[in-house]
Amino acid sequence: MTATGAGATRQVDTVVIGGGSNGLVAAIALARTGSKVVVVESGAAIGGALAEIEFSPGYRAAPLAADLGWIPPDVWRGMGLGVRAEVVADPTVIALGGDGRALKFRRTVADTAAEIRQFSSRDAEQWPAFTRLIGMVTGFLGQLYGAPPPRIDASSLGEFLALLKMGRKLRGLGKREMVEVLRTVPLSAAELFDDWFESDLLKGTLAALAVADVSQGPMSGGTAFTFLHRHVGGAPGVFGERLRLKEGGSSFMAALAERARAAGVEIRCNAEVRSLVVRDDRVTGVVLADGSEMVAKDVVSSLDAHRTLLELLDPVHLDPEFIHAVKQIRYRGVTTKLLLAMDSIPPVPGTSGPIEGAVVIAPSIQYVEKAADAGKYGRYAEAPVVEVRWPSVAEPRLAPAGKHVAVVSVQSTPYRLRDRTWAECRDEVAKVALTAIERVVPGFGERIRHQTVLTPVDIEQRFGRREGAVSQGEMMLDQILFMRPVAGYSRYATPMPGLYLCGACTHPGGGVTGMSGWLAAQAVLAGRAGR
């Protein structure tokens, strides 16, 4: 059989669409059972949300991922990956309020409490108990994330046992702890932090972490969950970052690609899927942009649900109610990225030495909420929440010798603007963000030699992330567990036999690296065993 070219046909066992972490994890897990797997990636290189780009000659960055998120132990073991040397940033977050003082979130509970004491003795005393609460709740969420989501419409003994197991995990925390979990998860971030603390800068910074990349302010219900989700798998008492490697996300992707090829997986880049092939009411392969076809027993897509089910697949094969549910998935990207080529890093008030963590500008909960309000009404925030990272401190290869790269995340810049276009607003957003940074880090702007602005529209076009949403669907309470991507179809199989989803649009969602791919592969294997 011919493998390439217009009209060519090729037979394989599994086609995996997308060369991000979830796609490669699914491919490896399937290939190790003897399945002949081909990964097709539309871009020139693998990477997904961890992909690096050269935005200026000699300057590179991975704009969509500040760190690797959480890589569950099942993924490390299942992929045969050894834990490589980490970047242990300390502090992980530096909060600047504009008065020359810096609140530093450190790697130990005691050290962070000592930093907080300069702002509030009461908050410093509260900090250890707060970190214990967060650790308990995120530990419970981590257990949920390590298994397929439960089915609330359970009809078989196995499904009932899965629900019972989840209930036993919750009850096993103890009565008081169980109540705390049930009370904390649906709270607003503002309610959670107001319950514990009085310092505006402390609460504002935590609130900024809670609403990063979601179209909600910290006073909206459920944003306590988004804060918790972002810290599942993190070290006890450590906030703002979970895992970074000395060689960055690219080293993790290179290791996955190496394991994939060793398992017999073929990885094809510049191979965009044009459509899914359906024969006898079953997905039987893909047609590529060059006209060639791959026939397969199963197709596993790491793309978002809308792209896979309503664009690559002809919706005529789907039930109207299901189509409606897929169309109702909220994406709502709200983050603009500035990629800056810098001559040097300016002194950051209250710190000394190179900065490996993030500098966050969010002086109060009210400040974060006001910025989010602008986004809700289709405007960019004129006083935005800003996060600045210098990845080249840990990875000098990202910039020429002696130079640096800064990645600036600007919150509350909605994908859909009400009265203007992003072509009109792109430079304005960059200006307000850089002005906000200059107020607290004098001399920042004069060190910039080049800037690239990636609005949510740019992120959609350049990285294939619908509406600029890296998580492939907002991580809010009504779009998690058995409701992700839609209720009734949360266990990776779609209504079309032979078609599975394995991307961040599925449980456990964005920020849990590789787990969706791992669980999707188990669903594929279970489906084959039942055929």
Side-chain angles (χ1 to χ4, degrees), residues 49-50 52 55 58-71 83-97 101-116 201 205-206 208-209 212 230-231 233-253 337-362 385-410 437 440-444 447-448 511 513:
L50 301 176
E52 286 182 2
F55 64 93
Y59 293 85
R60 301 183 63 83
L64 302 190
D67 62 25
L68 287 176
W70 177 42
I71 305 176
V83 178
R84 302 188 179 199
E86 296 179 36
V87 174
V88 183
D90 190 11
T92 56
V93 175
I94 302 167
L96 300 179
R101 294 185 297 170
L103 171 55
K104 296 184 279 293
F105 291 76
R106 295 199 174 274
R107 284 274 167 185
T108 70
V109 173
D111 286 347
T112 302
E115 295 283 350
I116 293 171
L201 183 58
T205 304
L206 294 175
L209 298 178
R230 181 167 180 172
H231 293 96
V238 178
F239 295 92
E241 181 171 287
R242 285 176 280 190
L243 175 66
R244 271 195 296 158
L245 304 179
K246 284 186 177 179
E247 297 301 319
S250 62
S251 67
F252 176 73
M253 294 305 302
K337 301 285 187 174
L338 309 185
L339 308 182
L340 307 177
M342 302 191 71
D343 287 323
S344 61
I345 299 175
V348 176
T351 68
S352 60
I355 305 299
E356 289 187 348
V359 170
V360 174
I361 302 172
V385 174
V386 176
E387 177 185 283
V388 187
R389 292 178 183 266
W390 287 276
S392 52
V393 173
E395 299 176 66
R397 66 179 181 81
L398 296 176
K403 308 298 182 181
H404 282 283
V405 168
V407 178
V408 180
S409 298
V410 190
I437 299 170
V440 295
V441 185
F444 184 90
R447 290 167 165 81
I448 299 172
T513 304

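The figures that follow rest on heavy atoms only: side chains count, while hydrogens, waters and symmetry mates do not.
- Under the 4.5 Å side-chain criterion, counting only non-hydrogen atoms from C-beta, Val386 is in contact with Val408.
- Rounding to the nearest 0.5 angstrom, the gap separating the CZ atom in Arg106 from the OG1 atom in Thr92 is 9.5 Å.
- Side-chain polar atoms of Ser250 and Arg397 form a donor-acceptor pair below 3.5 angstrom.
- Considering every non-hydrogen atom in both Ala406 and Val388, the closest pair reads CB-CG1, 4.5 Å.
- Here the CG atom belonging to Leu201 is positioned 9.5 Å from the CG atom belonging to Leu206, to the nearest 0.5 angstrom.
- A donor-acceptor pair under 3.5 Å is absent between the side-chain atoms of Arg244 and the main chain of Pro391, judged by distance alone.
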request  = Start with the C-alpha distance between Glu241 and Arg107, add both sets of side-chain angles, then the distance that settles salt bridge (charged side-chain N to carboxylate O under 4.0 Å, His left out), and finish with yes or no.
outcome  = CA-CA 10 Å; Glu241 181 171 287; Arg107 284 274 167 185; 3.5 Å; yes
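- Once rounded to the nearest 0.5 Å, the distance linking CG of Leu50 with CG of Asp67 reads 9.5 Å.
- The shortest distance between side-chain heavy atoms of Val407 and Phe55 does not fall below 4.5 Å.
- A donor-acceptor pair is defined here as one N or O able to donate and one able to accept, closer than 3.5 Å; such a pair exists between the side chain of Lys337 and the backbone of Pro63.
- Here the straight-line distance linking atom CG of Leu398 with atom CD of Glu247 works out to 9.0 Å at 0.5 Å rounding.
- We find the CD1-CG distance between Ile437 and Leu338 to be 7.0 Å, quoted to the nearest 0.5 Å.
- The shortest side-chain heavy-atom distance between Met342 and Tyr59 does not fall under the 4.5 Å cut-off.
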